[in-house]
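To start, the structure under review is shown below, and the notes come after it.
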Amino acid sequence: MKNLVLVVSLIITCNFLTNPVNAQIATEEAKSDLGHIPDLRKHSISFCPGGVAFGIYSANYEYLLNSKHGLVIRGDYEMVPKTYSDANIESFGYSLTINYRYHFTEKMKSPFVGFYTRNRVYKGEGKQENTPFEFSRSDWSYGAITGKKWVWKSGLNLTFALGYGFSVDKRDVNNSTPLIESAIDEFENKYDFMSPFIGELSIGYTF
């Protein structure tokens, strides 16, 4: 459910942000094509403002290698609401993602495809029938990603991307009982901990 809401939010926000500037993009692309002026900007720093509504704080840095090959390093911090379980589980998570992008034109301003690998760690604590417990969960995700990056002459950029693949996960629980394990299972299923989905709708600066 969380992933569905995120996808819909990303698509709606992307359409809202890009429609008013489509004419400007077309004009700038036409000027660039006429002049054949190379875009030498190779660095990009971005953050995802839409994720804040879900308690997710995300930022990334991209470096463009050999005109078409981009390497992205992304960090996320996530606060998880307690409403996903009757055990009042308080949880937070953080992750590091490395993403390779192949840009179809010799600049950042273009569609791209690539692949990613991500390591996530969640830590939480709760109480089930007056029994306190703590748990940690980690996973590695691998998959393919596709998207597009818009860059304006001012350096402002907008990136939209979606990716999916598979995950390998591990969970550790102290003071484990069947009821506690069941409460954590419910918490993870409702919050989509297992999903290898990755999305990005970010704004930032290219230089």
Evaluate the criterion side-chain contact (heavy atoms from CB on, under 4.5 Å) for residue pair Glu62 and His103; output intermediate values, then yes/no. CA-CA 12 Å; Glu62 179 175 8; His103 292 263; 2.7 Å; yes
Start with the C-alpha gap between Lys149 and Asn157, add the side-chain angles, then the distance that decides, and say whether side-chain contact (heavy atoms from CB on, under 4.5 Å) holds. CA-CA 7 Å; Lys149 194 181 197 82; Asn157 70 58; 4.2 Å; yes
Given side-chain contact (heavy atoms from CB on, under 4.5 Å), test Lys68 with Asn66 step by step and report yes or no. CA-CA 6 Å; Lys68 289 190 174 183; Asn66 299 326; over 6 Å; no
Run the numbers on Arg137 and Asp169 for side-chain contact (heavy atoms from CB on, under 4.5 Å), then give the verdict. CA-CA 7 Å; Arg137 183 192 180 281; Asp169 66 280; 3.3 Å; yes
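Here Ser176 contributes atom OG and Glu181 contributes atom CD; the two are 3.5 Å apart, rounded to the nearest 0.5 Å. Expressed to the nearest 0.5 Å, how far NZ of Lys123 lies from CG of Asp172 amounts to 9.0 Å. The structure places NE2 of His43 at 11.5 Å from OH of Tyr205, a figure rounded to the nearest 0.5 Å. Going from atom CZ of Phe133 over to atom CG of Asn175 covers 9.5 Å, rounded to the nearest 0.5 Å. The line from OG1 of Thr97 to CG of Asp76 is 5.5 Å long, rounded to the nearest 0.5 Å. To the nearest 0.5 angstrom, Tyr122 atom OH is 15.0 Å from Ile184 atom CD1.
The backbone N or O of Phe112 lies less than 3.5 Å from a partner atom in the side chain of Thr146, making a donor-acceptor pair. Listed for the Asn119 side chain is no donor-acceptor partner under 3.5 Å among the backbone atoms of Ser95.
With sequence neighbours left out, the side chain to side chain contact (heavy atoms under 4.5 Å, CB included) criterion links Leu179 to Gln128, Glu129, Thr177. The side chain to side chain contact (heavy atoms under 4.5 Å, CB included) search around Ser67 returns Glu106, not counting sequence neighbours. Scored by the salt bridge (Lys or Arg N to Asp or Glu O under 4.0 Å) test, Lys82 finds Glu90 as partners (sequence neighbours excluded). Judged as a salt bridge (Lys or Arg N to Asp or Glu O under 4.0 Å), and not counting sequence neighbours, the contacts of Asp185 are Arg171. Annotation: ring pair (Phe, Tyr, Trp, His ring centres under 6.0 Å) contacts of Phe135 (sequence neighbours excluded): none. Ile98 is linked by a side chain to side chain contact (heavy atoms under 4.5 Å, CB included) to Leu71, Thr117, counting only residues two or more places apart in sequence or in another chain. Annotation: salt bridge (Lys or Arg N to Asp or Glu O under 4.0 Å) contacts of Arg118 (sequence neighbours excluded): none.
When hydrophobic clusters are built by joining Ile, Leu, Val, Met, Phe, Trp and Tyr residues whose side-chain heavy atoms come closer than 4.5 Å, directly or via intermediates, Leu201 is grouped together with Leu156.
Of the options Ser202, Ser46, Cys48, a side-chain contact (heavy atoms from CB on, under 4.5 Å) to Ser58 is made by Cys48 and by none of the others.
In the hydrophobic clustering (ILVMFWY side chains linked at under 4.5 Å, chained through shared members), Tyr94 is joined by Val52, Tyr57, Tyr77, Met79, Phe92, Val121. Under the 4.5 angstrom side-chain criterion for Ile, Leu, Val, Met, Phe, Trp and Tyr, the cluster partners of Tyr116 are Ile145, Ile198. In the hydrophobic clustering, where aliphatic and aromatic side chains (Ile, Leu, Val, Met, Phe, Trp, Tyr) are joined below 4.5 Å either directly or transitively, Phe115 groups with Tyr100, Tyr102, Phe104, Val113.
Pairing each heavy atom of Ile89 with each of Ala183, the nearest pair is CD1-O, 4.2 Å. The nearest pair of heavy atoms linking Tyr63 to Leu65 is CE2-CD2, 3.1 Å. Contact record, Pro196 with Gly165: CG-O, 3.2 Å, taken as the closest heavy-atom pair. Leu162 and Gly199 get closest at one heavy-atom pair: CD2-CA, 4.3 Å. Taking all atoms of both residues into account, the shortest heavy-atom contact from Arg120 to Ser141 is NH2-OG, 4.2 Å.
A 4.5 Å side-chain heavy-atom check between Thr206 and Trp152 finds every atom pair outside the cut-off. Contact check for Thr159 versus Arg101: side-chain heavy atoms found under the 4.5 Å cut-off. The side-chain heavy atoms of Phe187 and Asn189, taken from C-beta on, include no pair separated by under 4.5 Å. Side-chain contact between Ile45 and Phe207 is present, with at least one heavy-atom pair separated by less than 4.5 Å. In this structure, Ile180 and Val173 have side chains that are in contact, with non-hydrogen atoms separated by less than 4.5 Å.
Side-chain atoms of Asn60 and Glu200 include a donor-acceptor pair closer than 3.5 Å. Between the side chains of Tyr191 and Glu78, at least one donor N or O sits under 3.5 Å from an acceptor N or O.
Sorted by first and then second residue, the salt bridge (charged side-chain N to carboxylate O under 4.0 Å, His left out) pairs with a member in residues 155-166 form an empty list; sequence neighbours excluded. Sorted by first and then second residue, the salt bridge (charged side-chain N to carboxylate O under 4.0 Å, His left out) pairs involving residues 48-57 (not counting sequence neighbours) form an empty list.
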